[in-house]
Amino acid sequence: MTVLEDSPFVRACRGLPVTHTPVWFMRQAGRSLPEYRKIREGVGMLESCRRPDLVTEITLQPVRRHDVDAAIFFSDIVVPIAAAGIDLDIVAGTGPVVAEPIRAESDLARLRPLVPADVDFVTEAIRLLVAELGATPLIGFAGAPFTLASYLIEGGPSRTYLKTKAMMYGAPDLWNALLARLADITLTFLRVQVDAGVSAVQLFDSWAGALSEADYRRHVMPHSAKVLTGLIDAGVPRIHFGVGTGVLLEAMGEAGADVVGVDWRTPLDEATRRIGPDRAVQGNLDPAILFAGWETVERETRRVLAQGRAAPGHVFNLGHGVMPETDPEILTRLVALVHEVSGS
C-alpha cells in the first residue's frame with residue numbers, strides 16, 4: 001500500500017479504520033486567506049486556473065496554514081467547458097457568465113469534445129502539486145453535467161433555473177444531447193486529473209437540490225452515473241456532492257459514488273440511513289457556525305463527529321464552501337479540534 005493509499009483521507013473514503021477523522025474544506029483555497037487575495041491581485045479567475053505556478057501555490061496555501069488532511073486542486077467547474085469552446089468569463093461577484101447560452105440544437109456545435117491537450121495546464125499543475133504535497137493526498141474535481149448545463153442554458157447563475165427546467169421538461173432530446181456531451185467532457189477532465197496523479201475526485205452537482213428525486217433519477221442521474229462509473233477502473237475514491245440534496249442522497253450514492261457529500265441540512269446519521277451502510281459520508285458543519293464563537297464551533301463539531309460514526313467512513317468537511325469572510329484562524333483551530341477529538 002502506498003503512503004497516499006494509507007492516508008487517513010483515502011482510508012476514510014474507502015471505509016477503512018483511521019487514526020483520526022480526516023478533514024478538508026471545500027473552498028479552503030480562496031478568498032478567506034489573505035495570501036490568496038494577495039497572489040490573485042490583478043489576475044482574473046480563468047487566467048489563475050490556467051497558470052500552473054499559481055494553481056500550485058494557491059492549492060498549497062491552506063495545507064501549509066491549516067494542516068488539513070487533503071488538498072483540493074484549485075480550479076473552477078467551468079474550466080473544461082471553456083476549454084471545449086464555450087465563450088465565458090468568471091465575473092467577480094457574479095460567477096460564470098456565458099456569452100451565448102445554449103438554447104437550441106444548433107447551439108450544441110459550439111460545445112466540442114474535450115481532449116487532454118486542451119487542458120495540459122491541469123496536467124502540469126497536478127504533477128507539480130503531487131511532488132510538493134508528498135504524503136498529503138490531492139483531490140481532483142469537476143462540475144456535474146446538470147450544474148454545468150444550468151450555467152450554459154441560463155447564461156449565468158440562477159435562483160430559479162426556469163430555462164434549465166423548461167428545456168429538461170419540454171425538449172428532452174436536446175436536454176439529453178447536451179448532458180451527454182457534458183458527461184463526456186467531465187469524464188475526460190477527471191481522467192486527465194487521475195492520470196496526472198490525484199488521489200481522489202469530487203463531482204460537484206452544486207445545484208441538483210433544485211430537483212425532485214423523480215426528476216433527478218430520470219433526467220440527471222444517468223449522466224452523472226456515466227461520469228462516476230466511467231472512473232471505476234481509475235482506482236481512486238469518487239466523492240459526489242450537492243447542496244440541498246437531502247431527498248437525493250440515496251440516488252446520488254447509487255450514481256456511482258464511494259463517498260456522498262452531505263450539506264448541513266441533513267444530520268450525518270440520518271444521511272447514512274438514506275444512503276446505505278456501504279458508502280462513506282463527507283460533511284457537514286454549517287459554514288455559518290464558524291461565525292458564532294468558538295464554544296459553538298466546538299459543540300457543533302463534536303456533534304458532527306458523533307453523527308459521522310454511523311457511517312463506515314467519515315471525512316469531516318463543511319456542508320458547503322468556506323465563506324470569504326471566515327477567519328482563517330478558526331479553520332486552523334477546527335482542524336486541530338477534529339484531529340484531537342477523533343483521535344482520542
Side-chain angles (χ1 to χ4, degrees), residues 1-28 62-72 133-139 199-200 202 236-237 239-241 249 253 257-290 292-322 326-344:
M1 183 176 288
T2 67
V3 171
L4 291 169
E5 278 287 315
D6 203 34
S7 67
F9 168 74
V10 173
R11 289 181 65 87
C13 288
R14 299 195 188 284
L16 299 172
V18 291
T19 53
H20 64 267
T21 300
V23 53
W24 70 279
F25 305 114
M26 290 178 281
R27 294 189 189 145
Q28 64 187 17
V63 179
R64 296 191 198 107
R65 182 186 272 264
H66 302 314
D67 194 29
V68 286
D69 293 283
I72 176 80
L133 285 165
T136 301
L138 176 64
I139 305 166
S199 296
Q202 176 156 310
V236 300
I239 309 167
H240 199 11
F241 172 75
L249 290 173
D258 303 297
V259 184
V260 178
V262 184
D263 80 359
W264 66 92
R265 297 170 178 88
T266 308
L268 290 182
D269 48 359
E270 171 61 19
T272 296
R273 188 188 67 77
R274 297 179 193 178
I275 296 163
D278 56 341
R279 292 180 178 87
V281 295
Q282 179 175 280
N284 69 341
L285 189 71
D286 187 334
I289 285 173
L290 301 179
W294 181 250
E295 182 179 335
T296 303
V297 171
E298 182 171 0
R299 182 186 70 243
E300 293 302 303
T301 297
R302 290 177 182 273
R303 175 187 59 79
V304 170
L305 286 168
Q307 291 169 343
R309 294 190 189 106
H314 176 209
V315 176
F316 190 97
N317 208 311
L318 303 180
H320 199 193
V322 174
T326 305
D327 179 357
E329 188 58 36
I330 294 291
L331 291 173
T332 304
R333 292 181 68 186
L334 177 54
V335 173
L337 176 66
V338 171
H339 288 168
E340 177 188 349
V341 173
S342 63
S344 56

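Hydrogens, waters and symmetry mates play no part in the numbers below; they use all other heavy atoms, side chains included. Note that the structure is a prediction, hence the values are computed from the model and not measured.
Taking CG of Leu285 as the reference point, atom CG of Leu268 lies at 10.0 Å (rounded to 0.5 Å). Here Gln202 contributes atom CD and Asn317 contributes atom CG; the two are 7.5 Å apart, rounded to the nearest 0.5 Å. Rounded to the nearest 0.5 Å, atoms SG (Cys13) and CD1 (Ile239) are 4.5 Å apart. Annotation: the span from Arg333 atom CZ to Trp294 atom CH2 amounts to 5.0 Å, rounded to 0.5 Å. Distance check, rounded to the nearest 0.5 Å: CZ of Phe316 to CG of Asp69 gives 11.5 Å. Atoms CG and CZ, on Leu305 and Arg302 in that order, are 8.5 Å from each other to the nearest 0.5 Å.
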Inset, instruction - Could you check Glu270 against Arg274 for salt bridge (Lys or Arg N to Asp or Glu O under 4.0 Å), going step by step and ending with a plain yes or no? - result: CA-CA 6 Å; Glu270 171 61 19; Arg274 297 179 193 178; 2.8 Å; yes

Legend entry - side chain to side chain contact (heavy atoms under 4.5 Å, CB included) evaluation trace for Leu337 with Glu298: CA-CA 8 Å; Leu337 176 66; Glu298 182 171 0; 3.9 Å; yes

Legend entry - Derivation and outcome, side chain to side chain contact (heavy atoms under 4.5 Å, CB included), residues His66 and Val23: CA-CA 10 Å; His66 302 314; Val23 53; over 6 Å; no

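Asn284 places a side-chain N or O within donor-acceptor distance of the main-chain N or O of Asp263, the cut-off being under 3.5 Å. Not one N or O on the side chain of Arg279 forms a donor-acceptor pair closer than 3.5 Å with the backbone of Val260. Under the 3.5 Å distance criterion, the side-chain polar atoms of Ser199 are left unmatched by any main-chain donor or acceptor of Pro137. The backbone N or O of Gly283 lies less than 3.5 Å from a partner atom in the side chain of His314, making a donor-acceptor pair. Using modelled atom types, one side-chain atom of Arg11 and one backbone atom of Pro17 make a donor-acceptor pair closer than 3.5 Å. When atom types are taken as modelled, the side chain of Gln307 and the backbone of Ala271 share no donor-acceptor pair closer than 3.5 angstrom.
Of the candidates Ile275, Val315, Leu249, Val281 forms a side chain to side chain contact (heavy atoms under 4.5 Å, CB included) with just one, namely Ile275. The side chain to side chain contact (heavy atoms under 4.5 Å, CB included) test with Ser342 singles out one residue from Thr21, Val18, Thr19, and that residue is Thr21.
The heavy-atom pair separating Ala71 from Val63 by the smallest distance is CB-CG2, 3.7 Å. Of all heavy-atom pairs between Pro277 and Pro312, the closest is O-CG, 3.3 Å. Closest approach of Trp264 and Pro287 over heavy atoms only: CE3-CD, 4.0 Å. Considering every non-hydrogen atom in both Thr136 and Ala70, the closest pair reads CG2-CA, 3.9 Å.
By the 4.5 Å heavy-atom criterion applied to side chains, Phe25 and Leu334 are counted as neighbours. Thr332 has its side chain within reach of Arg65: a pair of non-hydrogen atoms, C-beta onward, lies under 4.5 Å apart. No side-chain heavy atom of Ile72 sits under 4.5 Å from any side-chain heavy atom of Met26.
Contact check on Arg299 versus Glu295 returns no salt bridge, with no Lys/Arg side-chain nitrogen under 4.0 Å from an Asp/Glu carboxylate oxygen.
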